[in-house]
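Shown next, in structure tokens, is the structure this report addresses.
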2 protein chains.
Amino acid sequence: MTSQDGSGRTRTVTLRDVAQLAGVSVATASKALNGRADVRPETRRRVEEVAGRLAFTPNTLAKAMLAGQTGTVGLLTNDLVGRFSLPILMGAEDASGAGRMSVFLCDARGDAIRERYHLRALLGRRVDGIIVVGSETDPRPSLGHHVPVPVVYAYAPSDDPTDASVVPDNVRAGTLAVEHLLLTGHQRIAHISGDVTYAAAQDRARGADAALQAAGLQRVGPVRFGSWTESWGRLAAGVVLDGDPVDAILCGSDQIARGVLDTLRDRGVDVPGDVAVMGFDNWEAMVSGSRPSLTTVDMRFEAMGRRAAELLFAAIEGRPSSGIEAIEPRVVVRGSTVAGA
Amino acid sequence: MTSQDGSGRTRTVTLRDVAQLAGVSVATASKALNGRADVRPETRRRVEEVAGRLAFTPNTLAKAMLAGQTGTVGLLTNDLVGRFSLPILMGAEDASGAGRMSVFLCDARGDAIRERYHLRALLGRRVDGIIVVGSETDPRPSLGHHVPVPVVYAYAPSDDPTDASVVPDNVRAGTLAVEHLLLTGHQRIAHISGDVTYAAAQDRARGADAALQAAGLQRVGPVRFGSWTESWGRLAAGVVLDGDPVDAILCGSDQIARGVLDTLRDRGVDVPGDVAVMGFDNWEAMVSGSRPSLTTVDMRFEAMGRRAAELLFAAIEGRPSSGIEAIEPRVVVRGSTVAGA
DNA sequence: AAATCCTCCGAAACCCTTTTCGGAGAACGT
DNA sequence: ACGTTCTCCGAAAAGGGTTTCGGAGGATTT
């Protein structure tokens with residue numbers, strides 16, 4: 001990749017260096033290394049040998065300028081700390097890695113100014129496409145249609161329906177949760193959720209109620225909105241236990257469920273014997289450490305990231321899509337709904 | 001950024017387009033937009049107007065080819081799921097964002113083959129430097145000195161002492177933890193830790209023992225190594241309580257501490273009245289949800305990432321460094337060591 | 001021996017921007 | 001009226017690779 005010159009400084013090895021040392025022109029060297037025809041086998045071997053010896057690494061930038069494609073995508077996230085962005089990012093990186101794509105990561109921290117700044121930087125670097133990751137499931141403002149490359153929104157959908165978005169299906173998740181509770185023999189179900197202003201909280205509750213209704217049942221008590229914390233779970237669980245009897249508590253998140261489990265334990269309520277408990281998110285650190293381990297609904301963030309990347313690549317190749325695509329969640333059964341699981 | 005041509009396809013706007021429309025040469029257009037002298041104010045305004053109207057975004061790649069600097073750095077991580085990489089990444093992105101740097105993110109998933117592949121991709125894209133983030137604090141193999149750009153290792157140091165590494169100071173963290181426990185009036189301290197094969201576990205224990213010795217005290221019982229899980233914390237806490245009396249339990253991680261708190265609660269032991277508890281990592285979800293909230297040692301990962309980026313930028317500018325630099329941790333006091341805190 | 005074909009290689013253009021250098025024209029001094 | 005000094009602008013090269021096209025030379029055919 002580099003070689004020493006007289007001054008002791010290192011300089012990058014270019015195709016010209018390889019060609020010169022192999023005694024051929026740059027054109028021939030290029031053809032030899034790229035496996036094109038019209039090169040005598042013996043010449044090709046010599047060029048390859050020299051390239052290997054100098055550790056020649058072709059300058060992708062130069063190639064990109066010719067091709068008009070850089071083989072890079074931008075990942076514009078708004079919540080690097082959250083546990084949503086990361087799996088999405090992994091999925092995207094995953095799908096990208098397969099075909100020689102590299103990922104530019106930018107964190108706008110929820111600031112529109114910073115987002116615009118990063119957008120300009122990405123466009124200046126001529127990314128082939130952009131994935132925008134939101135921090136909530138509520139719709140977010142579109143980047144607009146003046147962006148010269150395809151854009152796919154993940155987690156938070158764009159407010160422009162002609163954009164392509166990939167989101168978790170929170171309604172379906174609520175339905176799946178209740179269906180699992182019904183299947184495991186629970187009928188008197190209470191619901192403790194998080195911040196009432198979050199679309200995720202509303203959607204999950206809607207899906208849950210729909211499933212109850214379909215079974216001819218009704219939720220026990222109101223949906224108890226609060227915050228996405230353990231302490232809210234502990235508090236609200238006390239309220240629920242003091243009300244009408246229940247045999248299951250559906251919780252808006254794994255964190256809330258942890259708190260609920262704590263209170264049930266304090267009160268000597270057996271889980272899942274007396275009351276079953278479910279969460280959402282399948283947050284490893286939360287579900288595996290609890291007593292008992294927590295049944296939950298996995299929103300499949302990595303699958304979401306992968307899907308977003310797939311849609312982006314398709315759009316880059318001229319097959320754009322639009323509208324909101326929801327990822328099917330899945331129930332992960334553990335000990336808080338099925339004894340011994 | 002793009003304009004329509006007859007066929008309906010969009011094409012990227014180049015400086016040539018701007019120049020043509022403004023009725024000047026590309027050279028003049030470049031000078032006008034970059035604020036160079038030798039351009040009549042009126043001409044400059046005209047060029048700027050056209051550039052704005054066409055949403056011209058200069059091609060950073062072309063600029064980079066001239067300058068020999070791309071303004072990009074590679075972030076080669078091995079643990080995207082872990083909670084170490086992410087804050088480090090944020091810190092690095094933070095420090096980078098200040099100066100117009102962009103970050104290439106690659107996840108090698110701990111696989112040497114994938115790491116080499118990503119390294120080639122980064123070098124092909126002519127990054128100005130690379131930060132390598134490990135998943136454990138144990139030393140990792142150096143990328144070697146044939147890499148033509150500066151490299152800084154974060155979290156996991158390089159096994160080559162001439163490389164530059166930034167790591168958490170686990171020994172110091174152990175010392176700080178014990179000093180805090182001593183200061184808050186605890187003298188009979190047991191230690192429950194994680195996987196015995198981790199350098200982090202060993203270092204923290206060493207630092208803790210050193211602080212005890214300095215105070216003329218001794219640890220109560222052996223260091224109880226196990227795994228970095230809540231369940232191990234619950235189990236080991238029982239063992240500790242059944243042994244010699246203690247007034248504090250130092251835990252190798254916040255997760256272990258959560259488990260310990262559970263067992264203490266089950267047994268009716270008051271925290272921090274009867275026994276104080278401390279963890280390591282300051283993992284938000286763990287420390288804030290527990291009862292009581294958990295005093296812990298923050299390893300300051302974001303600061304580590306920032307520092308790594310600073311060292312990298314210094315090296316890029318010709319001021320390289322070498323050796324291992326440790327980040328000073330800090331104690332975060334909460335209710336598990338000081339009542340009501 | 002001349003014409004034809006095939007094989008292999010090199011010159012040059014291209015991508016987009018920056019920078020240097022020189023030139024055209026105007027304003028100025030004498 | 002002529003030389004000198006500015007001011008402003010454009011031509012050209014550079015950066016590293018790919019691709020097209022044409023040319024040189026050898027082998028084959030007539």
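Letters A, B, ... are given to chains in the order of the sequence lines, protein chains preceding strands, and every chain is numbered from 1.
At a threshold of 4.0 angstrom between heavy atoms, the contacts of B/N59 are confined to the sugar-phosphate backbone, with no base atom among them.
Listed candidates were C/dT17, C/dC9, D/dG10. Nearest to the side chain of B/K63 is C/dT17. Relative to the side chain of B/R16, the nucleotides D/dC9, D/dT20, C/dC15 differ in distance, and C/dC15 lies closest. Of the candidate nucleotides D/dT19, D/dG10, C/dT18, C/dT18 has the atom nearest to the side chain of B/N34. Which of D/dG10, C/dC8, D/dG17 sits closest to the side chain of A/T43 comes down to C/dC8. Among the nucleotides D/dC8, C/dG10, C/dT17, the one closest to the side chain of A/A27 is C/dG10. Set against C/dT20, C/dT18, D/dG17, the side chain of A/A62 has D/dG17 as its closest nucleotide. When distances run from any side-chain atom of A/L15 to the nucleotides C/dG10, C/dT17, D/dG17, the shortest one goes to D/dG17.
Place B/M65 and B/T28 on DNA chain C by their nearest nucleotides, and B/M65 ends up nearer the 5' end.
Salt-bridge formation is detected for the pair A/R140/A/E115: a Lys NZ or Arg NE/NH1/NH2 atom is positioned less than 4.0 Å from an Asp or Glu carboxylate oxygen.
In this model, the phosphate group of D/dC9 is approached by a side-chain N or O of B/R40 to a distance below 4.0 Å at OP1 or OP2.
Taking atom CG of B/L61 as the reference point, atom P of C/dC15 lies 15 Å away to the nearest angstrom.
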